[in-house]
Amino acid sequence: LTHDAHIQMIDESKREFRSKDGTEFNFRDTWNFNVAAYRIDRLIGLGLVPVSVERRWKSTPAAFTWWLDDVMMDEGDRLKKKISPPDPQRWNASMQMVRLFDQLIANIDRNLGNLIITNDWSIWAIDHTRAFRTQGKLKTPGNIARCDRQVFERLKQIDKTSVKDAVGNYLQTYEIDAMLKRRDEIVEMIEKRGENALFDWKR
């Protein structure tokens, strides 16, 4: 059996990285984060990230990500063509989960081109090489609105041991610690909003 894959080999680290958003310390842009994002996605029961595993390409370590089947368009195309999803409630729930996940993993590089829509109107989040930043505070807490009930329960249950077991080869300890701090903030926000902040998501 053969199937297309998206291969990312980038693995850059800088003590300081300057951009229009300011200076970032301990900057990493790495294929490792694609694998880590997939594993965290599965750890909390999301199912938004395509399978991404470590393999070698011409002897260089890389992330091999399953090339999605039945792609209809990306989110940029959908907005440009002004196409409305057939089930707005399901769509809005999916987008809320994407935003929550991006806050959890501190993904600073989400754009409309890496939100992929398949023919069944499922949305998939790809390309996480600039996630897992080191700040423990949520960058955009306003993006946290509601959460699927089952995902929320699993989110509350993860701890340093379970996360390290899942992604210890791909994240540094300080990156795991920062993510768990962001998790705590997300959980606190959802719990303060009570039952109205929870829903049953039909992925």
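Predicted model only: the values in this text are computed from it and were never measured. Note that these values count all heavy atoms, side chains included, but never hydrogens, waters or copies made by symmetry.
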Do any N or O atoms from the side chain of [X] and from the backbone of [Y] form a donor-acceptor pair under 3.5 angstrom?
X    : Y    : result
R28  : T129 : no
D70  : T118 : no
R183 : K181 : no
R182 : G136 : no

Can you say whether the rings of H128 and F101 are parallel (under 30°), tilted (30 to 60°) or perpendicular (over 60°)?
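The rings of H128 and F101 stand perpendicular, inter-plane angle above 60°.
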Would you say the side-chain atoms of D127 and Q8 include a donor-acceptor pair closer than 3.5 Å?
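There is such a pair between these side chains.
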Indicate whether the side chain of D165 and that of S162 have a donor and an acceptor atom separated by less than 3.5 Å.
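Looking only at side-chain atoms, S162 and D165 do not form any donor-acceptor pair under 3.5 Å.
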Nearest 0.5 angstrom please: I186 CD1 to L100 CG, how far?
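Between I186 CD1 and L100 CG, I get 4.5 Å after rounding to 0.5 Å.
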Pairwise distance CG(D120) to CZ(R90) - rounded to 0.5 angstrom
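Here the interatomic distance stands at 5.5 Å.
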Begin with the C-alpha distance, continue with both residues' side-chain angles, and end with the deciding distance and a verdict on side chain to side chain donor-acceptor pair (under 3.5 Å) for S52 and N34.
CA-CA 6 Å; S52 190; N34 270 351; 4.8 Å; no
Looking only at the aromatic ring of each residue, does the gap between the centers of H3 and W66 stay below 6.0 angstrom?
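Here the rings of H3 and W66 have centres that are less than 6.0 Å from each other.
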Do any pairs count as a side-chain hydrogen bond (donor to acceptor under 3.5 Å, both in side chains) and have a residue in residues 76-88, sequence neighbours left out, and if so which ones?
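Only E75-R78 qualify under side-chain hydrogen bond (donor to acceptor under 3.5 Å, both in side chains).
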Does N107 form a side chain to side chain donor-acceptor pair (under 3.5 Å) with D102? I'd like the steps, not just the answer.
CA-CA 5 Å; N107 182 17; D102 280 343; 3.2 Å; yes
